[in-house]
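Here's the structure we're looking at; comments come further down.
Below, each value reflects all heavy atoms present in this structure, side chains not excepted, and no hydrogens, waters or symmetry copies. The first residue in the sequence is number 1, and the count goes up from there.
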Amino acid sequence: MGKASSSFGVIRFLTVLFAALTGAYMLIGGIWLSAIGGSWYYIVGGVVMLITAFLIWRRNSTALVLYALLLLFTMAWAVWEVGFDFWALAPRSDVLVIFGIWLLLPFVYRGFHTQGKGPASALVVSLVISALVLAYAVFNDPQEVNGTVPTADQNATQGAPLSAIPDGDWPAYARDQQGTRYSPLKQITDQNVKNLQVAWTFQTGDLKTANDPGEITDEVTPIKIRDTLYLCSPHQILFALDAVSGKQKWKFDPGLKPNPTFQHVTCRGVSYHETPAAADASNAQPALCARRIILPVNDGRLFELDADTGARCPEFGNNGELDLQHKQPVTTAGQYEPTSPPVITNSVIVVAGAVTDNYSTREPSGAIRGFDVNTGKLLWVFDPGAKDPNAIPADEHTFSMNSPNSWAPAVYDPQLDTVYLPMGVSTPDIWGGNRTPEQERYASSVLALNATTGKLVWSYQTVHHDLWDMDLPSQPTLANITDKDGNTVPVIYAPAKTGNIFVLDRRTGKPVVPAPETPVPQGAAKGDHVSPTQPYSELTFRPKQNLTDKDMWGATLFDQLVCRVIFKRLRYEGPFTPPSEQGTLVFPGNLGMFEWGGIAVDPHRQIAIANPMALPFVSKLIPRGPGNPMEPPADSAGGSGTETGIQPQYGVPYGVELNPFLSPFGLPCKQPAWGYMSAVDLKTNEVIWKKRIGTTRDSAPVPIPFKMGMPMLGGPITTAGNVAFIGATADNYLRAFSTNTGEKLWQARLPAGGQATPMTYEANGKQYVVIAAGGHGSFGTKLGDYVVAYALPDEK
């Protein structure tokens, strides 16, 4: 009896201690939260929990009844706050439900003086009700939209594609240079996609080295022409693979020498060009470089190589190589990085590139250039920060420092001979008090240039005086849509980090879908200003309502309460809340609701497949002072080597700290979902379906695949077989979805992170789906060097 009594004493002590500490935590945190305008629930819950602890200590079974009431009250409050959203309800109730079950365990329950059925029954009823509410929420997700894409009108007039591409090929980053990411192949359908299996795997051997920054990524989408795939690895090593077997034909290593100051080491893809003679004589042995691959390199070089052999094209530049640092005001390696495949017309290569974010006011220009596709001769310049953007600097001059840059892939309309570039902002990004009118003019805009001359056709600004790095991060998409009057309108879809998708007439730049100027929060940091309004497109995934502390999240009520307090202490008045020394919540965050993956558009059914995200960031301005000098150290190698954390912003009055909005446990403070797949009817601009995508399998300490909706880097593709494919998520999967309903049809486990956009092609009568699985350093996914192809099994 002595040992049993002693055991009951320890159990009772631990039970009381947990209840008392939890109650004290809730009460103190609740008083703090309530004092800054947050929920009062935690005060009530904390008081009840403390009384419960006292009753447990007294071994009074009334504790069970009181705790049952607390559970019911908590569940009612939780449903009132967030509805029947399981992942929002879970942190409000998980600890309390588990503790309620603990109180009913025999070795705990027997410690109470009175053990009648009444108190225990009350607690059982409250637990059952809680379980029923949570079970209902599991199967009724209020964030999802369930609909079906209308059946295509087979009698409708189908416009001719802007590019003539053999059905089985994928000759550009998005299959075409119009950014559609749509394939007419339909061997793989929504009925048989579940049978896909690995057809071949290729390993590049290109892995992270000690000299690489954290932001090393494998974001490539291969291209396929005839019987060959072409792809680049993170260090821009170019590979040619047999399209059927995946075996290497040849490779070319440009000898990139990165260092930790590079902000990126990545290659999203390469471009292809062939002479008319090569196209007409496709079965004959073409002349050297009649078919060629154009390879951008992160240190500011551009190569042109023979597509059949990998040999340099001797007539292009300096033996197949161009120096893109020529005429740059700053030539530090890694500060100007072409990371995306250039646009190729019949005669011109249009090249743009990334500039290091938030480093200083003395950085390279984001000048856009057109080079002769055969010789590499500079044909034209468009320097977005210059008074005369088309002026080619004389020998003693350079391009303008810190001109806005265009780092994401551009698109091309061959009928209008117009290239459309998604523009970023002049760096430093998070403070703009010293920007010139020229630096503001084309920042965060869709820029339309004549591809032959480089002359401005039009521009449309999506963010005015951008202080949030809300650039246009995605390749736009060109399509011809049918308006409500039955007219065909040539448009460009431009997804933005803000969640807006701007729909413009690509001839004039005028909005086709209204984007009215809307008042936004004011009150910039000292020396800066904020635009009074911003354009809000009516085609959008941006949040319908501003965040509140109700939207805060955590694994438990403990970290959720911390997130609620942190949220209330930050400055946040909705989208475009100005950066501040206090710390500003930026939502949509710096990662954006859309990133470089873009959208996929089925031009025949006139639907778009999109994968928006919802992950807030925190931006905190750091005034100059000790440890935060105005100018970089004399021995600085140049470049911050990262896009998050402390960013120096040399030359302006503030540095800045940029980070995702996370709890002390490292979890997002905003409740899930953080990532979705969705379909949009482009005739009505309405969301047809929207589903969470991605699990916690590769993010959580325990590899449990909770379907929460994960952040993504990469985009979708869609096919005539009514299937959309996507990797991108923070777990290592390639997935297939029905374009009709959004139902997940198939998934395959990848050997590393799939932060790349897939592609599909046909070879020898078989359709393949290919994705690069190499991971993403700063995104935290598993690194690797894989390219994986899937196909249906051969018929027996």
> Excluding sequence neighbours, so at least two apart, what forms side-chain contact (heavy atoms from CB on, under 4.5 Å) with Asn195?
Replying inline: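 Listed in chain order: Asn192, Leu792, Pro793.
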When you compare the side chain of [Y] with that of [X], does any pair of heavy atoms fall below 4.5 Å?
X: Met552; Y: Phe661; result: yes
X: Ile704; Y: Arg697; result: no
X: Asn146; Y: Lys691; result: yes
X: Thr22; Y: Phe99; result: no
X: Ile101; Y: Ile98; result: no

Compile the donor-acceptor pairs under 3.5 Å between side chains in residues 133-143 and protein atoms, sequence neighbours left out, one pair per line.
| from | atom 1 | to | atom 2 | distance (Å) |
| --- | --- | --- | --- | --- |
| Asn140 | ND2 | Tyr136 | O | 2.7 |
| Asp141 | OD1 | Gln143 | N | 2.9 |
| Asp141 | OD1 | Arg692 | NH2 | 3.2 |
| Asp141 | OD2 | Arg692 | NE | 2.4 |
| Asp141 | OD2 | Arg692 | NH2 | 3.4 |
| Gln143 | OE1 | Ala673 | N | 3.3 |
| Gln143 | OE1 | Tyr676 | OH | 2.5 |
| Gln143 | NE2 | Asp85 | OD2 | 2.7 |
| Gln143 | NE2 | Pro672 | O | 2.8 |

Residues passing the side chain to side chain donor-acceptor pair (under 3.5 Å) test with Glu762, sequence neighbours excluded, are none
For [Y], is there any backbone N or O sitting under 3.5 Å from a side-chain donor or acceptor partner on [X]?
X: Lys497; Y: Asn590; result: yes
X: Trp553; Y: Trp87; result: yes
X: Asn358; Y: Asp429; result: yes
X: Trp689; Y: Glu743; result: no
X: Thr696; Y: Ala700; result: no
X: Arg181; Y: Ile599; result: yes
X: Asn211; Y: Asn259; result: no
X: Lys690; Y: Val687; result: no
X: Gln236; Y: Thr266; result: yes

Flag for [Y]-[X]: side-chain donor and acceptor within less than 3.5 Å:
X: Thr760; Y: Gln767; result: yes
X: Thr757; Y: Arg268; result: no
X: Trp200; Y: Asp242; result: no
X: Asp253; Y: His235; result: no
X: Gln248; Y: Lys251; result: no
X: Thr204; Y: Ser233; result: no
X: Thr217; Y: Glu219; result: yes
X: Thr540; Y: Asn500; result: yes

Contacts of Asp190 meeting salt bridge (Lys or Arg N to Asp or Glu O under 4.0 Å) (sequence neighbours excluded), chain-then-number -> none
Residues passing the salt bridge (Lys or Arg N to Asp or Glu O under 4.0 Å) test with Asp602, sequence neighbours excluded, are none
Just distance, no hydrogens or angles: give the donor-acceptor pairs under 3.5 Å from side chains in residues 707-726, sequence neighbours left out.
| from | atom 1 | to | atom 2 | distance (Å) |
| --- | --- | --- | --- | --- |
| Thr719 | OG1 | Gly721 | N | 3.1 |
| Thr719 | OG1 | Val723 | O | 3.3 |
| Asn722 | OD1 | Arg605 | NH1 | 2.8 |

Could you check whether atom [atom1] of [X] has more than 12 heavy atoms from other residues, nucleotides or ligands sitting under 6.0 Å from it?
X: Gln545; atom1: CD; answer: no
X: Lys550; atom1: NZ; answer: yes
X: Lys620; atom1: NZ; answer: no

Step-by-step ring pair (Phe, Tyr, Trp, His ring centres under 6.0 Å) determination, Tyr733 to Trp746: CA-CA 10 Å; Tyr733 287 97; Trp746 168 85; 9.8 Å; no
Set out, in order, the CA-CA distance, both residues' side-chain angles and the distance that settles side chain to side chain contact (heavy atoms under 4.5 Å, CB included) for Tyr25 and Phe558, then state yes or no. CA-CA 8 Å; Tyr25 182 92; Phe558 303 117; 3.6 Å; yes
Could you tell me whether [X] and [Y] have a side-chain N and a carboxylate O separated by less than 4.0 Å?
X: Asp731; Y: Arg749; result: no
X: Lys257; Y: Asp299; result: no
X: Glu81; Y: Arg564; result: yes

> ring pair (Phe, Tyr, Trp, His ring centres under 6.0 Å) between Phe567 and Tyr572: does it pass, once the steps are laid out?
Replying inline: CA-CA 8 Å; Phe567 170 79; Tyr572 175 71; 5.8 Å; yes
Exercise. At their closest point, which heavy atom of Asp212 faces which heavy atom of Pro258, and how far apart are they?
Worked result: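 Minimum heavy-atom contact is OD1-CG, 3.1 Å.
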Yes or no on side-chain hydrogen bond (donor to acceptor under 3.5 Å, both in side chains) for Ser474 and Glu595, after CA distance, side-chain angles and deciding distance? CA-CA 5 Å; Ser474 303; Glu595 256 292 336; over 6 Å; no
